[in-house]
Amino acid sequence: MEEKQVRQETTYEEKIIRGGQYGVLLLILAVVLLAVGALAFAGGCIFAVEADDVRGVALIAVGAAAFIAGVIIACGLKVVKPNEALVLTLFGKYYGTLKGAGFYCVNPFCSAVNPTMGAAADAAAAKSESGTAVKLKKKGDTASGKAISLKAITLNNGKQKINDAMGNPIEIGIVVIWRVVNTAKAVFSVDNYMEFLSIQADSALRSIVRLYPYDAPEDSTVISLRGSSQEVAGRLKEEIQSKVEIAGLEVLEARITHLAYAPEIAAAMLQRQQASAIVDARKMIVDGAVGMVTMALEKLDQESVVDLDEERKAAMVSNLLVVLCGNKDAQPVVNSGSLY
């Protein structure tokens with residue numbers, strides 16, 4: 001029972017605030033109340049000093065009340081831009097989410113929450129120069145300063161060194177395109193959903209890369225990182241999505257942007273690939289040469305051009321293979337005598 005209760009407390013479902021798009025009307029009301037309150041307060045002060053009457057005190061009280069009401073209404077005004085959302089809390093509890101562009105008026109005691117604001121600025125300040133860090137902080141101050149972007153965002157964690165299924169160290173980099181689909185989970189289920197996605201993408205990448213070799217023969221059906229990038233990317237997307245579901249994130253696409261052997265084995269692997277290519281080329285040349293020699297012997301035998309014994313056939317086959325399989329052009333030797 002206690003485990004079920006804890007699970008319910010840590011699971012948040014998004015609650016959209018409806019019918020709050022009356023910001024313009026309430027803004028006008030707030031301005032009117034502020035103006036009336038200021039005028040009434042000033043008039044009450046003047047009336048109380050000059051006439052020394054109770055009506056001046058009443059005007060001061062009415063003006064103060066109107067001014068305070070205008071300030072309270074103004075504090076509840078929220079502006080939401082397209083593809084942005086505001087997650088609101090009321091006295092520490094989840095109140096709701098504002099989605100859709102508009103000018104809203106909500107409970108003035110609500111406050112917007114975005115856990116990535118301070119963390120992103122601190123990370124930028126730690127990894128970047130001071131001028132860039134300030135620019136990033138200013139960029140984050142959108143809408144009410146705590147807006148959560150619902151746009152498709154690109155994550156690029158850079159290159160990583162990972163061992164493939166054969167144990168060879170490789171360098172691989174991926175790009176993940178994602179977006180927030182559940183603002184309540186993104187804010188309350190994890191500490192920082194951007195850092196959470198970055199760490200889970202690294203973990204998923206290491207898990208997937210260790211399952212496949214870097215390369216496989218062309219005639220093989222084995223899935224490899226280089227030859228089956230679409231299959232690997234699809235598996236990678238599924239792995240990342242399964243890990244970030246708790247944070248209310250949706251992975252739209254995951255692609256490999258960089259793939260190469262690590263520098264310490266790159267030269268050896270290049271020689272291996274060259275040797276493999278040379279062997280494959282030689283095999284193709286030999287297969288073609290044997291076919292041509294076989295065809296030549298069959299033609300000579302069918303048309304009875306010349307009658308050769310087995311020894312002469314072997315010499316002819318040897319000469320033809322040397323000519324067809326050699327790296328350089330053969331130098332012909334003209335025999336002016338008889339064959340025997």
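Contact of the L98 side chain with the Y104 side chain is registered, since non-hydrogen atoms from C-beta on lie closer than 4.5 Å. Here the side chains of Y95 and T89 are not in contact, with every heavy-atom distance at 4.5 Å or above. Between Q160 and V209 there is no side-chain heavy-atom pair separated by less than 4.5 Å. Counting heavy atoms from C-beta on, the side chains of V244 and W178 never come closer than 4.5 Å. In this structure, the side chains of E231 and Y212 stay at 4.5 Å or more apart for every pair of heavy atoms. Residues R235 and I223 are not in side-chain contact: their nearest non-hydrogen atoms beyond the backbone lie 4.5 Å or more apart.
Annotation: N156, atom CG; neighbour count of heavy atoms from other residues, nucleotides and ligands within 6.0 Å is above 12. Under a cut-off of 6.0 angstrom, the local environment of CZ in F196 is crowded, with over 12 non-hydrogen atoms contributed by other residues, nucleotides or ligands. A 6.0 Å sphere centred on CD1 of I246 holds no more than 12 heavy atoms belonging to other residues, nucleotides or ligands.
Of the residues listed (N192, N114, I148, V180), the one engaging V187 in a side chain to side chain contact (heavy atoms under 4.5 Å, CB included) is I148, and it is the only one.
When all heavy atoms of N163 and R210 are compared, the closest pair comes out as O-CG, 3.4 Å. The minimum heavy-atom distance linking S224 with V232 is given by the pair O-CG2, 3.9 Å. H258 approaches K159 most closely through the heavy-atom pair CD2-CD, 3.1 Å.
Here T257 pairs with V175 under the side-chain contact (heavy atoms from CB on, under 4.5 Å) rule; sequence neighbours left out. For Y94, the ring-ring contact (aromatic ring centres under 6.0 Å, His included) test picks out F188, with sequence neighbours left out. For R255, the salt bridge (Lys or Arg N to Asp or Glu O under 4.0 Å) test picks out E253, with sequence neighbours left out. Under the salt bridge (Lys or Arg N to Asp or Glu O under 4.0 Å) criterion, K15 pairs with no residue, sequence neighbours left out. Annotation: salt bridge (Lys or Arg N to Asp or Glu O under 4.0 Å) contacts of R179 (sequence neighbours excluded): E250. Residues satisfying the salt bridge (Lys or Arg N to Asp or Glu O under 4.0 Å) criterion with K237, sequence neighbours excluded, are absent altogether.
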